[in-house]
Every structure is written in C-alpha cells, then in structure tokens.
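Only one structure is covered here, and it is reproduced in the block below.
Proteins come first, then strands; the chains are lettered A, B, ... in the order of their sequence lines, and each starts at number 1.
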Protein chains: 4
Amino acid sequence: MLKLGIIGAGRIGRVHSESISKYVKGAEIKAISDVRVTDELKEWATGMGIENVYEDYKAILNDPEIDAVLVCSSTNTHAPISIEAAQAGKHVFCEKPVDADPTKIREVLREVEKAGVKFQVGFNRRFDHNFKAIKDRVVAGDIGDVHLIRVTSRDPDAPPIEYVKVSGGMFFDMTIHDFDMIRYLSGSEVTEVYAAGGVLVDPRIGEAGDIDTAVITLKLANGAIGVIDNSRKAVYGYDQRAEVFGSKGAVQTRNDTDSTAVYSCEKGVISEKPKYFFLERYMQSFADEMICFIDSIVNNKPTLVNGNDGLQPVLIALAAKKSLDEGRPVKLSEVS
Amino acid sequence: MLKLGIIGAGRIGRVHSESISKYVKGAEIKAISDVRVTDELKEWATGMGIENVYEDYKAILNDPEIDAVLVCSSTNTHAPISIEAAQAGKHVFCEKPVDADPTKIREVLREVEKAGVKFQVGFNRRFDHNFKAIKDRVVAGDIGDVHLIRVTSRDPDAPPIEYVKVSGGMFFDMTIHDFDMIRYLSGSEVTEVYAAGGVLVDPRIGEAGDIDTAVITLKLANGAIGVIDNSRKAVYGYDQRAEVFGSKGAVQTRNDTDSTAVYSCEKGVISEKPKYFFLERYMQSFADEMICFIDSIVNNKPTLVNGNDGLQPVLIALAAKKSLDEGRPVKLSEVS
Amino acid sequence: MLKLGIIGAGRIGRVHSESISKYVKGAEIKAISDVRVTDELKEWATGMGIENVYEDYKAILNDPEIDAVLVCSSTNTHAPISIEAAQAGKHVFCEKPVDADPTKIREVLREVEKAGVKFQVGFNRRFDHNFKAIKDRVVAGDIGDVHLIRVTSRDPDAPPIEYVKVSGGMFFDMTIHDFDMIRYLSGSEVTEVYAAGGVLVDPRIGEAGDIDTAVITLKLANGAIGVIDNSRKAVYGYDQRAEVFGSKGAVQTRNDTDSTAVYSCEKGVISEKPKYFFLERYMQSFADEMICFIDSIVNNKPTLVNGNDGLQPVLIALAAKKSLDEGRPVKLSEVS
Amino acid sequence: MLKLGIIGAGRIGRVHSESISKYVKGAEIKAISDVRVTDELKEWATGMGIENVYEDYKAILNDPEIDAVLVCSSTNTHAPISIEAAQAGKHVFCEKPVDADPTKIREVLREVEKAGVKFQVGFNRRFDHNFKAIKDRVVAGDIGDVHLIRVTSRDPDAPPIEYVKVSGGMFFDMTIHDFDMIRYLSGSEVTEVYAAGGVLVDPRIGEAGDIDTAVITLKLANGAIGVIDNSRKAVYGYDQRAEVFGSKGAVQTRNDTDSTAVYSCEKGVISEKPKYFFLERYMQSFADEMICFIDSIVNNKPTLVNGNDGLQPVLIALAAKKSLDEGRPVKLSEVS
C-alpha cells in the first residue's frame, strides 16, 4: 500500500483526495498540509480517513513512510516544493502549470532526474474518455498522417475579476490545457504560434490586462496545423470538443451531457446542454490520472505526462502571449 | 416520349403532375381529367403544359396516343377505373388503397394480368431515401435474419372530422402505408395481426367511430415480429421512423429536417423539428415512384410495387380492424 | 452511521457492497452472508472492510446492531428471508423479482407493513440518468397526457442455456425490468397484456421452453398503450432505450457509449457501440438506488420502489406468459 | 416571362440551366453561348428547350429580347463580359470570382452602377439551407454579439494538377467561398488575415506552387474572430460545416447525408458519409440563388449578393496569399 501526502488542501487537493479514496487501489493518503489549517479542514480530513493534517508541508516531506506527494498548492510554489520533494526522495505529482518561467521548470526537471523519482504533471484531460478515444484512433493509425487538429475550449462563465488579475492570463490558466491537448493528439511538437484575441465577454477582463476570446494557430514539427478557439463564457455550458483530421480520416468528439434524453415539442427538438462544470465533466479523468501515477510508481513505468509535457505548454503559452502582444507569429525558439 | 393521362386533379394528381414535369425524363402528361373542371384547373394545366383537360376520364382512356394512366380519383373509383384502363390497354398507376374490398382488388389484378399491362400501386414511401436505406441494408444481408421491425408513424395533426367520417378509418387511410412498410422492410408476409387502439387525441374522432392512437403487432411468415405505433397528432411534426433488427445488426432512421443546424443556448441544445407535412417529407419519393413506373413500362420490367403489394396491406388493415373490434389477434386467413 | 448486512455474496451482492462503500455516505456494511463461504469471499470482504462473513444469514438477522439488510440471495429465498428480516425489525432491500408467486409477495408486504420497516425492491433502472430524465419530463408535464410508451430492451448476448432452464423465463428475468419501466414512466397501472414471441436467436432456448424475442403490448388504466420489444441478443451491444409520447410532445433516450468520438473514414461515419454490459451501463443507478434506500431509512421517507412496485411487474409477467401460451390478450385481473 | 442568356456552357452553365428550367418560375433561357459549340452541346440545348446556341456571346448581348445574362465563362473573362453586358443593358449574374484583380472588379461595379442593372455574384452557399439556418439565427439575435465564426471546408479530393496550375491557387478557387461565408455569417467586414498553410495532401500541389491544407484566421471590424480550416482531400467526403458563437449562444451545422440511416453491428454504429460532391450538396442553393436573382430583377429589389460581396472575398484571398508568403498577418488595407 503506497502512502501519499497531499500539499495544498484547496479544491484540486480535495478532488484528488476523493478520487484516490474512491477509485485508486493500492494507495492511501497519510497526510495533507495547508497553509491554513481550519477546523473544517480537520473534520474533512477525518471523514476522508486521513490521519495527519499539517500546516507545514515539510512535515510531509520529512515523513519517511510517505512515498509520493501531490503538489496542489498555489502555482508560484509548484516549482520549489517539487524540487524539495524530489530531493527528499518523494515521487512527485505536480499540478499545472509547473511554473510560468521555463527556467524554473527546467530546474525542477533536473532535480527530478537527479533524484530518480517519478514526476507527473496534472494534465488530466489526457485521461478523459473522449480525448483518449481521439488519441487511440491517432495511435492506431486510423487517421493516417495528421494534417489538422482543432480544439474548442470554452468555459461556462468568466472567472472573478480578482482571479483574472492574478491568474497569469487566459493562456496560462485556461488555454494551457488546450496547448497540451494539441501536442498530445498530434504526437508532435509546436514550433510556431499565432494568437488573435480580444475582449468580447467582459470589459473588466480587458481592464485587468487580459483577453477573454481567442483563436490560436499552431504550426507543428510534423507539418500539421493546430487551431484552438477559446471563450471565457459559453452561456450554454462547458464546451469541450476536439477533432483530428488526416490522410485517412477524421475523428471528433462532442460534449458530454447528463443524459441522452431528447425532448420534441412544438418549440423544437431539445437535447441537454453540456455538463456545466469542469469537475463534473472531468471527474473520471482526475481519477484515471491518479491511477496512472500510482501505476508508474508501483510498476516502475514512465508517467504518461512527463516533465517535458509540463514544460512545452508553458513555452507555447509564452509564445502565444508574445504573438498577441506583438501582432505576429512567434517561434517557440524565441521564448525557450 | 411516353404519353400519360392523369385521372383526378386533386392534391395527389397535381403532385404527380409536378414531379413528372420536373424530374421524369421520357414521359409527358397529355391529358388530365376531373369530375369538376374549373377555370383554376384549366389555368393550372396550361401552366404545366398539359394540352387537354377533360371532365370525363373516358376521354383519356379513349385517346390511343396515351400509353399509361395515373388513377388519382376518389378511393371508391380506383378499382373500376383501373379495370377500364387495363381493358383499354393502358398501363396503370393506381393510388392507394386500390380498394377496401379484397374481392375488388383481386378483380383488378385479374384484368391487369389479362390485359398484359403494367400495374403499380402508390406506396411512395418505398422510394423514400431513408426507408430505402433500411431496405438496402436488409437486402445486402447486413441485418442477417430479420427478427423485429418497428415503424413509428405519427401525423402532425388530426384530419378534419368530416374526413375521418369517410376515410374508412385510420388503418385504411394512414396505417396502410405502415402495413406496406412492414412487408417491404421484412421481405416477408404478415400472417396475424393484433391491434390495440384508443381515442386519446380528440373525442370527436371516437364519436365518428374511429381511433387516433394505436399499437399494432404483426406476426410474419418468417417468424419475425413487426410493431407499428401510430398517432394522429404529434405536436412536434410528422414523425416517420423505422428500425429493422436481426441476427447481424440493426438499422434505423431518424426524421428529416429542414437543416442540420443545432442551436445551443441557456435553455438547451435545440435542433429542428421533423419536416411538418407529407408533401415536404416525401416529395422525392413521389418523383422516384414515377420514374420507376415509367422505367417499368419503357424497359418492360416488373413494377416495384405490384398488384399483390396493393392487396396485402388491405388484408392487414381488415385484420387490424377486426382485431381492434374483437379484442383478439386475427389471422389474415380470416379476412382473405 | 447506519449498519447494513448483505445476504448473498453473488454478483449483485458484491455490486451493492462496492457501490455502498464508494458512493453511499452514512452507511457501512457490517456483515455479509453466503451459503458458500470461500477463502476468496473472506479475502474480498476484508478488502471491502466488512468485519463479519457468515454462512448463515440468521447471524445477520440476530445482530441487534444491524439496521437494514439487502436480500441478494437466490430468487426463491427472497420472500421467506424478507419476511424473517422484517420480523426481526430490519429494513429490507430486496432484489427483483420478490417472488414469482403473487401470493408470496403479498405475504411479504403484509409482514413488512406489520413490522413497520422500510421495504425497497431492486428496480435500479428507475435511478438511471436516462430513464430518470424521461420521468422528469413526464412529471413536469412536458409530455402532457401520455399516449404511448415504448421500451426497447435487448441483451448483448443470450444467457447460458443452464440459466435459461431455471430463470423462470425471459419475462421474469429480463422483461420484468421493462414491465416496471412502463409503469414508472407512464405513472399508470397495466390492465391488459398481449405478448407475441418467438425463438429466433437460439433454438436451444426454445428447447428449454423459453423464447428469445418478443413484442409485448400493454394497455394502461389511463388509456395509454405501452409496447416493449425484447431480444436476447443484439450483436452491437446492450440496447436500452425508451420513449414516451403524449399530447404535448415526446421524449426519448439513446444508448450510452464509452465516448462521444465519431470517426469518419472511407467506410462511413462510425460512432461507438452501446456500453456492452449491464454493470457498466447501470452502475450509477445501483449506487443511487442504495442512496435512496438509506435516505428513506434515515429520514423516514417512503422508498421510491415500494412493495406494490415489486408486485405489479410479477403480475404483468404472469399475464404476458399466459398471453404467449394462449395466443390472446390477458387481463391482469385473470392472474391476480 | 423574363428571358435569359447563358454565356459559357461548361459545368456551372449547365447547372444553372437545369435548375432554372426545373425550379425557377417566370424565367426561361433563350440562348446559350460557348467558345466551342459541339453537337453534344446543341443536342443538350435542344433537350433543355433552349432555342439558340451561339459561338459568340455577343449574339446574346445583341439580342434585345434578352433581359439578363449569366456569366459562366472562364474566370479571366468574367470582368470584361460583365462590363459589356451591363453596357448592353443586361442584368448580370456573374460567377465567382469576378476577377483576381480588385481594380477590374471595381471597374465592373462602376459600369454596373452606371447602367443601372442588377448584378449578383455566384456565392451560392449563402442560399444553402444549413448556412441559411445559421444566418437566420444570427439575424434573429439568438446568438447575441458574434464572437467567433468557424468554417470547415474540405474537398473530397484534390483537383487535377493541371487545374491547380491555372486555378489561381486554393484561396482563390476554393477558400473564396469560405471568405464570403465569414462575412455573410458575421455581418461584418474582414480587416486582417493570417494564413498558415502547407502541402500535406500531394507534393505535386506544392510543386505547382500551391498549398492543399490551411488554417486562416480573420479579424473582423466588429471585434469577432473568424477561422477557416481547409483541406483539398477529406477521404470521407465533402466536409462543409460552420459554427457561429456569441454572447447569447452558438449555432452549428453538420454535413448533409443521403439518408439518416444508422447501422449498428459488431463493428460499431455506422451512419452515412457526407454527400460527396458539391453538385449534390449544393444543388438546392444553385436553384435558390437563381430564384433570388430573377426576383431582384422582376421586383426591382437589391440582389442578396451584390458587387461589394464580389469584391471583398477577393481582397481577403489576396491578403491570405500575402500572409502565407510573408509569414505574418496582413491587413486588408495593404491589398486594397
């Protein structure tokens, strides 16, 4: 039985706790830490069967029984804590993005390699049943050579302005998943990025220095072209679709819904809206990424989302930001 | 160039005129007759390029230039006019039902055979792209042995009560198409019928001695079971679907719509209602049945909807009516 | 924390154990019994955190700490064990069918009522997201008066012949769920049944005295007509659909699939087959029926699948069998 | 009865002839001209009921009975013939593109205005039922402010290399329709274009100086962003889809198919491929654009695809070509 420590007891830390306790065999959470240990947190931890609740994450790193840690703290601490954890000999699951600075990510990767521990980044959507079904077709050769990859990624509503101000921008907090998806589905590396964007949803987002709507074109090393369209607000729900097109065919996915019911009446033929929230939509993928992480440790296999998978989307996001600012395509080599 | 005469200038007679002039090569309408020749009819005929408009259909039968006639007059005249036409050496396209009395239909078939003319019955839905796609799968062997056939056939609105009183009942004026479809899709003959029905749409239909809602189970000679569900009123439009299920798979069709547009908004994901009216829904099939009829004459091929195809659905309708009245399954041999 | 005992550690007993431990808050399984206690069972129970494993279910009934039992033993023991459990003051969740004999079911219901305990029957499909979405539309009045209910229920493959011989027949082991669904979706009682059936999948099923293909028509007290089509073998997977049609519209459900991926290639546009197995398809409903049961105990609410809901489908199955044998519609009053 | 002359008896000239004779009331074709008058053409014209077949299009322009001409000759003659026709007082329907040189298009527009004749450009897809359904939602305000427009336009197979060499390039012969569609659906003007493209389908296309795969991003005056993805070869058929997304919702269209049949078997759930060829897919739109043209003449209404609608897509194509060549976004003002 593998023993885990979770660093950071916010939303995503608790999501992982719950999916581990429900779905992951062969692992249990021994401790959780958070900079604010409240009574509510203690009670929640008890309910989850977690023995120890610490204020200082170092208590987790110092526990020799703990095999692996999940870094679910605030983004700016991902890199330093990952490094410390690796140095303490813990396997590391790190939430995305690892850091906004490629230099720091590379430092993490060096330390991880030096320590010989497993390192997995939280790009959970790779484990989503729909995106995985696309990937399976690509890998099986059913698409042939990949020519076009399209990702539609639209949130159901804009985040609070306070969050927008500190999030690092839409490309870093939202599109980062889509950048990863383009690489994952294509099996190739992004070499150049062109981003067109605007403030169409809420002017306050623009005042906060960000955009809320974008189309990003990505050139890939294998010649394929990727394109992402983003919006911070799709009034009909969380719109998450993708398509890969190639020499032998195409595969695309629709949104998931709560049921398949279709209602026909005088007004039209009405089916359900997409699942509204990322936790509903992607819950299964959170469990499966954890099962993958545990499996890579127990059976000494490579993780399916490795260090370079943590680095590349950050480089793409940097290039996208630069492209948007300068109104021109930007090569990844310019930001690496 | 084949010359045609149309007997009966009501809705269906005009539908055939228009589809012949637009889509059917190698045939032209030389004359049309109707018991009421109005100025409007004459003007319409001129617009269609039809030379002659007669009050008496015998003028058409007596024209030696006319090769074939379309019997589009009122139902009670279908059989006698078909017989006269055959005796006059004209090929006959007869609207459905040929007659409500099997004895009269058999007489028509004898005369047609004696005269050696072509005889086709107006079961246009056999030529519909959707039902034809099902049939093609069945014939190709993709379904294997047929086990179940389901037909959903619901009108967008109940006919006027005056029509209900003289129509011969729902089984004869509406379900007759579905009875044909069960035979067509299964490639087998109906041997026994059980009908459950009720008056749920409009009590006046019940007062007129008819029903407006039904489920009819049909046993087929090859062991398969067919089931039809009917309603006189589907508020969302004309609902016309079918499914054939067998040892190797199943094939089903959805409704046709005016466009494929899907609108997603806060209320839901809304697509279009089925095409509302039988003329919109089945226009292509009216043209194709006529092309088939002309082809069978010109190339001396059997028609695709022959005399027995005109007889069997009437027998099934009689059995369904008897089943409904007596509350028990009725064998076709009881009504033949 | 409610304490549960599970009687019968076969497939369904273990399904309930797992869904309770994963999804049901406020309840834990204290003991499980089975007529055959193997090492494998003991090990499984340990893994599930179940303290006690008994050979004799009476040990569960005699444990004063246990609040409720799940009767998951063989069908012929459902009724007597349910009676004993009620007399012991335990709340009872009983798998379907309660019994094949209505007299015994009525006896169970009397004892349950006398004891004042909760009683829920395992018609899990009522809790399925798709069927629930239909029910919600009906209850909301979106369908208006219900006119037609269609249930398609086809298994992915025929059960072993040995099972067919003892199952009580297709109507009792498979269609029983569909009989319940007709009542549930319509909100009305079945008054008369007509069953057409045949042996089209496997002649050995016929030799064992059963059928493998059927269409069952059901008349309901409110005038609506229900129709079920069944097959023991749909080569494309587990086909579970339903439709309710009424004066204001219709609602229908499609099958669930593993992903929404659609692959377009030279051969066609290919989407996924229905989920293959009832455990995959209905897992969520097994959890939700258990949550409902626990909730009805803890908050002293009526169960959503009560004693009469256990009785009626058995009466319908008896009528369907009699209809099939005698080739005529059978009123429920004939078998009650 | 309006009298028409058709200049150019190639594929598109004949398509218009057939749709006019079948579907357009109030107009007839009096003459057709082609630089090569063959026996086959004469025979075809006779079959269509066209009285006159000329080698010299001036014979059409000189016929005072002819009210309007359809310019269906080779692209390089569109502008000069349109000018001559306008000067001769004929209303002009001109196939797309009017010319590859904006100066020449502007000259045409000046002459048309001077002559006071109607001028319509052959962007038939505006009249397609699917794209029209999107436009109707936009115009009705159901989408709110438009934020994103996506057009997928993929041909079923690459044209012959000989054609590629003279076509003017993919942007001019294929994407030109999509450029028009972006303007039409958004109701706004394109201000800047970025094109990423490659040769992924057939290296001979690259050798001929063209591309076969592209993603084009378009900035619009109202702030919306458009994106087009193109391929010369989709092995599954002619892929023609669009989506408009905005503040109140989104609307998207799927491909049309020959039937709605869905076949379920062991291999999967298989529906039909998109209609393969543009003539099948867009036949209804060719008829409807002609009805619109005739209507604008007869009732003296503005045409729905006017001179500026002919000019703008050419400017966009020029900008796209320049963007591709120079690897940077290009403003329309740079090529105007």
Side-chain angles (χ1 to χ4, degrees), chain A residues 129-130 150-159 174 178 200-202 212-215 228-243 245 250-278 280-282, chain B residues 129-130 150-159 174 178 200-202 212-215 228-243 245 250-278 280-282:
Chain A
H129 59 148
N130 288 337
R150 299 199 330 177
V151 172
T152 287
S153 177
R154 302 171 190 157
D155 272 357
D157 209 348
M174 176 177 163
D178 310 317
L200 300 171
V201 171
D202 187 340
D212 53 36
T213 304
V215 169
I228 296 163
D229 70 272
N230 285 152
S231 170
R232 282 290 199 185
K233 181 167 186 168
V235 295
Y236 50 85
Y238 193 37
D239 195 350
Q240 298 282 300
R241 290 171 285 152
E243 176 177 5
F245 169 87
V251 59
Q252 59 179 131
T253 52
R254 294 190 309 275
N255 285 303
D256 283 352
T257 53
D258 283 343
S259 87
T260 65
V262 176
Y263 173 53
S264 298
C265 65
E266 285 188 338
K267 288 180 197 158
V269 174
I270 304 170
S271 50
E272 295 205 11
K273 292 190 287 185
K275 283 174 181 285
Y276 186 82
F277 196 46
F278 83 94
E280 297 166 32
R281 172 66 184 79
Y282 286 122
Chain B
H129 60 149
N130 288 336
R150 297 200 329 177
V151 172
T152 286
S153 178
R154 302 172 191 157
D155 273 355
D157 208 348
M174 175 177 164
D178 310 317
L200 300 172
V201 170
D202 187 340
D212 54 35
T213 304
V215 170
I228 296 162
D229 69 272
N230 284 152
S231 170
R232 282 288 199 184
K233 181 167 187 169
V235 294
Y236 51 86
Y238 192 37
D239 195 350
Q240 298 282 299
R241 291 172 282 153
E243 176 176 6
F245 169 88
V251 58
Q252 57 178 134
T253 52
R254 294 190 310 275
N255 285 303
D256 283 353
T257 55
D258 283 342
S259 87
T260 65
V262 176
Y263 173 54
S264 299
C265 65
E266 287 188 337
K267 287 180 199 158
V269 174
I270 304 171
S271 50
E272 295 205 10
K273 293 189 286 184
K275 281 173 184 287
Y276 186 82
F277 196 47
F278 84 93
E280 298 167 31
R281 174 64 185 80
Y282 286 120

Bottom line for E272(B): the part with an atom under 4.5 Å from chain A's heavy atoms is backbone
Top residue by heavy-atom pair count (under 4.5 Å) with chain B, among G268(A), S271(A), P274(A)? S271(A)
Measure across K267(A) and K273(B) and return the closest heavy-atom pair with its distance rounded to 0.1 Å. C-CD, 4.5 Å
Spacing of CG belonging to D239(B) relative to OG belonging to S264(A), to within rounding of 0.5 Å: 7.0 Å
